[in-house]
Amino acid sequence: MHRWSKLFVPTLREAPTDAEVASHKFLLRAGYIRQLGAGIYNYLPLGQRALNKIIGIVREEMDQIGQEFFLPALNPREAWEPSGRWSGMGDNMFRLKDRKGAELCLAMTHEEIMTEIARKELRSYKQLPQIWYQIQTKFRDEPRPKSGLLRVRQFTMKDSYSFDIDADGLDRSFELHDAVYRKIFTRCGLKFVAVDADSGAMGGSQSQEFMVHTEAGEDLIASCPTCGYAANTEKATSLLDAVTEMAPTGDGLPELVLTPGCAAISDVAAFFKISPASDIKCVAYMALKRGENGKADTWHGLAAFLRGDHQVNETKLQGAVGAAELRTMNGEELEQFFHGPAGFLGPVGLAPAAKALTSGLTVVVDKGLEGRSNLVAGANKLDYHFRSVTPGRDFSWTLVADIRTVNEGEACPTANCTGKLVVGKAVEIGHIFKLGYKYTSAMGATVLDPNGKEVTPIMGSYGIGIERILTAAIEQSHDANGFWLPASIAPFQVVVTVTNVTDTLLRETGEKLAADLEAAGIDVLLDDRDERAGVKFKDADLVGIPYRINVGKKVAEGKVELVNRAMPGAEDLALADVVQRLKALV
RNA sequence: CGGGGCGUAGCGCAGCCUGGUAGCGCAUCUGCUUUGGGAGCAGAGGGCCGGGGGUUCGAAUCCCUCCGCCCCGACCA
């Protein structure tokens, strides 16, 4: 039996000032974790028990569709070369050398290793599909670890990889994961949503994230309460209301206007007495194009034009032009591409590149500017703007694309839906992703199809952040005194608090009750410490155990108290009914 | 990597400006009392004041430098 008096549970009355978000504070205060370095944590017994419960659920469900592997965290450079990610991962990968000077890394993920196994071992379409998974520590040298266990440099991830003979097979593997993920997160007691996500520079086709709404989250998701549409704002779209204000002036050709000091959108709008929606915003970037076939990477000028009241969405922009990386232009580059200063940049007079990221300036125009006329735009000249600028007539572009970030209150993009989008913060707990042929093709994995022809298997990749399930659960359920976890992932399901262990009757009643609960298969912790009742109650409220039995004075009447941590108050319960009642609850 | 902040006992902090024997609360240990919401009294232990260098008779305090940590941003298959 687990006794609090023997457990190592170093609770803190006060949280270290470093902790900002609720889950971080409580994980420290409840003695679940201790920090070793930036983004590196020790997991203490209570934390480890909770994580093991989560891992247990994940493993049980994943075994329904796949097979578990255990792969090295220490990977030789050669394993990461064929996919191009030895260099592609850049500074995010931890790298080291062995005594002979050979280069190694700590694995951030295992696409290469799994694909290498597939390449060597899979021969025939008859062996497909395969779903291979692992629950292991992964390493990422995050530029900025933060928020306790939310963004760290070493963490536990369930990763799985599917290999299918064709796209239909991949669809099935993807659907299997979608269904299993929903089961896992439901069993972990999380309120989650599945959202469309950007498939990123990895070149996948479909991507879905599982998110938990919380202020501590780093992602923004847009959702429609009416039809259920939900997407990461990196990907989300919306319908725009027509801009109804009068065209600024006339219908003539662009007219140069002196606008002293009007560098910000708000200045320009005020100067011309227009809404920012009728001004054209310009954001200037340098975009990195990865060199193919061993060619060197190259940087190209990139101008994004959109409505003054819109924000550029760099993920979408990057996707639209196929850039590996974006950074904003410096003054010298602005002069080179625009011949004008920041604050007065505009599209008139530019010579757009014929194709994205070729020589010259790539000009991308947001869809929100389509069909507009008589707008205001910078003149690429200090203290001057043009008015009466009409896209298409007065300037051209390399391409038109959706490159803006949606805002709360805009119309839902779903056909015939009249809902308005709401935008909220969320933390990503899982991601399922159709990878395609990137790795199998780069690494030369093939199998023979029924016609004896070599074909390249198609892959999917699917992750779950184990620690993030714990942190999301805490973010979801806490108050001033502590938190409570769902019984399925709590380190213990119930704590039996003996209010006074110097009272023989109470102590023996508690012992027997805890033994009975354990015999009934309930995960019980007996608080047998020689502490005052108040101390034990405070600790019990803090550490995340969902139910508590107070063994106190009422034992004389054959009664104890049942406390449901999620609710206020306590309920008297006959001693004889405790086991049955708790079995029903957990 | 840019901006900001912090590093003094296990935790939370004061002291630094204006240099002169390192303090407070909580926690810990001992004893007595107490025992249903972080008890009371009495006593005790615990510090390379983040590291290195410099100024000074003398540095937690002033100067230089390095390191670590937190927050905002950038970044985040």
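Basis for what follows: all heavy atoms, side chains included, without hydrogens, waters or symmetry-related copies. Reminder, nothing fancy here: chain letters follow the sequence lines and each chain counts from 1.
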*Asks:* What does A:Glu218 touch in the nucleic acid at a heavy-atom separation under 4.0 angstrom: a base, only the sugar-phosphate, or nothing?
*Replies:*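 Nothing, no nucleic acid heavy atom in range.
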
*Asks:* So if I take residues 140-156 of chain A and measure heavy-atom distances to RNA chain B, which residues fall below 4.0 Å?
*Replies:*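 Within this stretch, A:Arg140, A:Pro143, A:Arg144, A:Pro145, A:Lys146, A:Ser147, A:Arg151 sit under 4.0 Å of the strand.
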
*Asks:* Under 4.0 angstrom, heavy atoms only, what part of the nucleic acid is A:Met93 near: base, sugar-phosphate, or nothing?
*Replies:*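 Nothing, no heavy atom under 4.0 Å.
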
*Asks:* Centroid separation under 6.0 Å, is that true for the rings of A:Phe492 and A:His2?
*Replies:*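 Yes, the ring of A:His2 comes within the 6.0 Å limit of the ring of A:Phe492, centre to centre.
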
*Asks:* Starting from C1' on B:C6, measure out to CD on A:Glu20 and report it in whole angstrom.
*Replies:*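 That distance rounds to 12 Å.
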
*Asks:* Within the structure shown, what part of the strands sits under 4.0 Å from A:Asp159 by heavy-atom distance: base, sugar-phosphate, or nothing?
*Replies:*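 A:Asp159: base contact, heavy atoms under 4.0 Å.
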
*Asks:* Would you measure the distance from the P atom in B:C63 across to the matching atom in B:A59 and give it in whole Å?
*Replies:*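 B:C63 and B:A59 have their P atoms separated by 16 Å.
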
*Asks:* Partners of A:Thr440 by side-chain hydrogen bond (donor to acceptor under 3.5 Å, both in side chains), sequence neighbours excluded?
*Replies:*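 Partners of A:Thr440 under the side-chain hydrogen bond (donor to acceptor under 3.5 Å, both in side chains) test: none.
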
*Asks:* Can you sort out the partners of A:Lys559 under side-chain hydrogen bond (donor to acceptor under 3.5 Å, both in side chains), two or more places apart, ordered by chain and number?
*Replies:*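 Per chain and number, A:Lys559 pairs via side-chain hydrogen bond (donor to acceptor under 3.5 Å, both in side chains) with no residue.
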
*Asks:* Tell me what A:Arg529 touches on the nucleic acid: a base, only sugar-phosphate, or nothing, going by heavy atoms under 4.0 Å.
*Replies:*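 Result for A:Arg529 = nothing.
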
*Asks:* Would you tell me if any nitrogen or oxygen in the side chain of A:Arg13 comes within less than 4.0 Å of OP1 or OP2 on B:C26?
*Replies:*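 For A:Arg13, the contact criterion (side-chain N or O under 4.0 Å from OP1 or OP2 of B:C26) is not met.
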
*Asks:* Going by purine N1 to pyrimidine N3 plus the second Watson-Crick contact, or the G-U wobble pair, all under 3.5 Å, which nucleotide sits opposite B:A22?
*Replies:*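 Partner of B:A22: none.
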
*Asks:* Give A:Asp91 one of three labels, base, sugar-phosphate or nothing, depending on what nucleic acid heavy atoms sit under 4.0 Å from its own.
*Replies:*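 Since no nucleic acid heavy atom lies under 4.0 Å of A:Asp91, the category is nothing.
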
*Asks:* Applying side chain to side chain contact (heavy atoms under 4.5 Å, CB included), name anything that partners A:Asp528, two or more places apart in sequence or on another chain.
*Replies:*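 Only A:Arg3, A:Trp4, A:Ser5, A:Leu526 meet the side chain to side chain contact (heavy atoms under 4.5 Å, CB included) criterion with A:Asp528.
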
*Asks:* Rounding to a whole Å, what distance do you find between A:Asp530:CG and B:U33:P?
*Replies:*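 My rounded result for the distance is 14 Å.
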
*Asks:* Pair A:Tyr133, A:Tyr161 - check ring pair (Phe, Tyr, Trp, His ring centres under 6.0 Å), show working.
*Replies:* CA-CA 6 Å; A:Tyr133 81 94; A:Tyr161 306 93; over 10 Å; no

*Asks:* Identify, with sequence neighbours excluded, every residue that meets side chain to side chain contact (heavy atoms under 4.5 Å, CB included) alongside A:Thr315.
*Replies:*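 Residues passing side chain to side chain contact (heavy atoms under 4.5 Å, CB included) with A:Thr315: A:Asp198, A:Glu234, A:Asn313.
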
*Asks:* Using a heavy-atom cut-off of 4.0 Å across all strands, would you classify A:Arg29 as base, sugar-phosphate, or nothing?
*Replies:*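 Counting heavy atoms under 4.0 Å across all strands, the contact made by A:Arg29 includes a base.
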
*Asks:* If the condition is side-chain hydrogen bond (donor to acceptor under 3.5 Å, both in side chains), which residues does A:Trp80 pass it with, not counting sequence neighbours?
*Replies:*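 A:Trp80: side-chain hydrogen bond (donor to acceptor under 3.5 Å, both in side chains) contacts with A:Asn75.
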
*Asks:* What's A:Gly37 touching, base or sugar-phosphate or nothing? Going by heavy atoms closer than 4.0 Å.
*Replies:*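 Sugar-phosphate, backbone atoms only, no base.
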
*Asks:* Residues two or more places apart in sequence or in another chain: which of them pass side chain to side chain contact (heavy atoms under 4.5 Å, CB included) with A:Asp530?
*Replies:*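 Residues passing side chain to side chain contact (heavy atoms under 4.5 Å, CB included) with A:Asp530: A:Val501, A:Thr502.
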
*Asks:* Distance check, C1' atoms only: B:U61 and B:G15, in whole angstrom units.
*Replies:*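 Those two atoms are separated by 9 Å.
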
*Asks:* For A:Thr328, enumerate each residue passing the side chain to side chain contact (heavy atoms under 4.5 Å, CB included) test, keeping only those at least two apart in sequence or located in another chain.
*Replies:*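 Only A:Tyr285 meet the side chain to side chain contact (heavy atoms under 4.5 Å, CB included) criterion with A:Thr328.
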
*Asks:* Under a 3.5 Å limit for both distances, which nucleotide forms a Watson-Crick or G-U wobble pair with B:U34, could you say?
*Replies:*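 Pairing partner: none.
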
*Asks:* Watson-Crick or G-U wobble partner for B:A59, using a 3.5 Å limit on both distances?
*Replies:*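 With both distances under 3.5 Å required, B:A59 matches none.
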
*Asks:* Taking side-chain hydrogen bond (donor to acceptor under 3.5 Å, both in side chains) as the definition, give me every residue that meets it alongside A:Arg119, ordered by chain and number, with sequence neighbours left out.
*Replies:*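 A:Arg119: side-chain hydrogen bond (donor to acceptor under 3.5 Å, both in side chains) contacts with A:Glu116.
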
*Asks:* In Watson-Crick or G-U wobble terms, both distances under 3.5 Å, what is the partner of B:C48?
*Replies:*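 Partner of B:C48: none found under 3.5 Å.
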
*Asks:* Check whether the ring centres of A:Tyr462 and A:Phe433 lie less than 6.0 Å apart, and answer yes or no.
*Replies:*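 No - the distance between ring centres of A:Tyr462 and A:Phe433 does not fall below the 6.0 Å cut-off.
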
*Asks:* Without hydrogens or angle criteria, can the side chains of A:Ser173 and A:Asp164 be said to hold a donor-acceptor pair below 3.5 Å?
*Replies:*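 Present: a donor and an acceptor within the cut-off.
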
*Asks:* Does OP1 or OP2 of B:G68 have a side-chain N or O of A:Gln35 closer than 4.0 Å?
*Replies:*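 For B:G68, neither OP1 nor OP2 has a side-chain N or O of A:Gln35 closer than 4.0 Å.
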
*Asks:* Can you figure out which of B:G36, B:C69, B:A39 approaches the side chain of A:Val535 most closely?
*Replies:*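 For the A:Val535 side chain, the nearest candidate turns out to be B:A39.
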
*Asks:* Please give, in whole Å, the distance from B:A27 C1' to A:Asp539 CG?
*Replies:*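 So the CG-C1' distance, A:Asp539 to B:A27, works out to 13 Å.
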
*Asks:* Under a 4.0 Å heavy-atom cut-off, which of residues 552-569 of chain A touch RNA chain B?
*Replies:*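 A:Gly552, A:Lys553, A:Glu561 - these, ordered by number, are the residues of the stretch whose heavy atoms sit under 4.0 Å from the strand.
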
*Asks:* Taking a pair as Watson-Crick or G-U wobble with both distances under 3.5 Å, which nucleotide is matched to B:G2?
*Replies:*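 For B:G2, the partner nucleotide comes out as B:C72, under the 3.5 Å rule.
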
*Asks:* Could you check which of B:G36, B:C76, B:A39 has an atom nearest any side-chain atom of A:Arg532?
*Replies:*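 Nearest to the side-chain atoms of A:Arg532, counting from C-beta on, is B:A39.
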
*Asks:* Would you give a per-nucleotide map of nucleotides 10-15 of chain B, 5' to 3', where B means the base has a protein non-hydrogen atom under 4.0 Å away, S means only the sugar-phosphate does, and - means neither?
*Replies:* -SSS--

*Asks:* Can you list the residues that meet the ring-ring contact (aromatic ring centres under 6.0 Å, His included) rule with A:Phe155, with sequence neighbours excluded?
*Replies:*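 With sequence neighbours excluded, A:Phe155 shows a ring-ring contact (aromatic ring centres under 6.0 Å, His included) to no residue whatsoever.
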
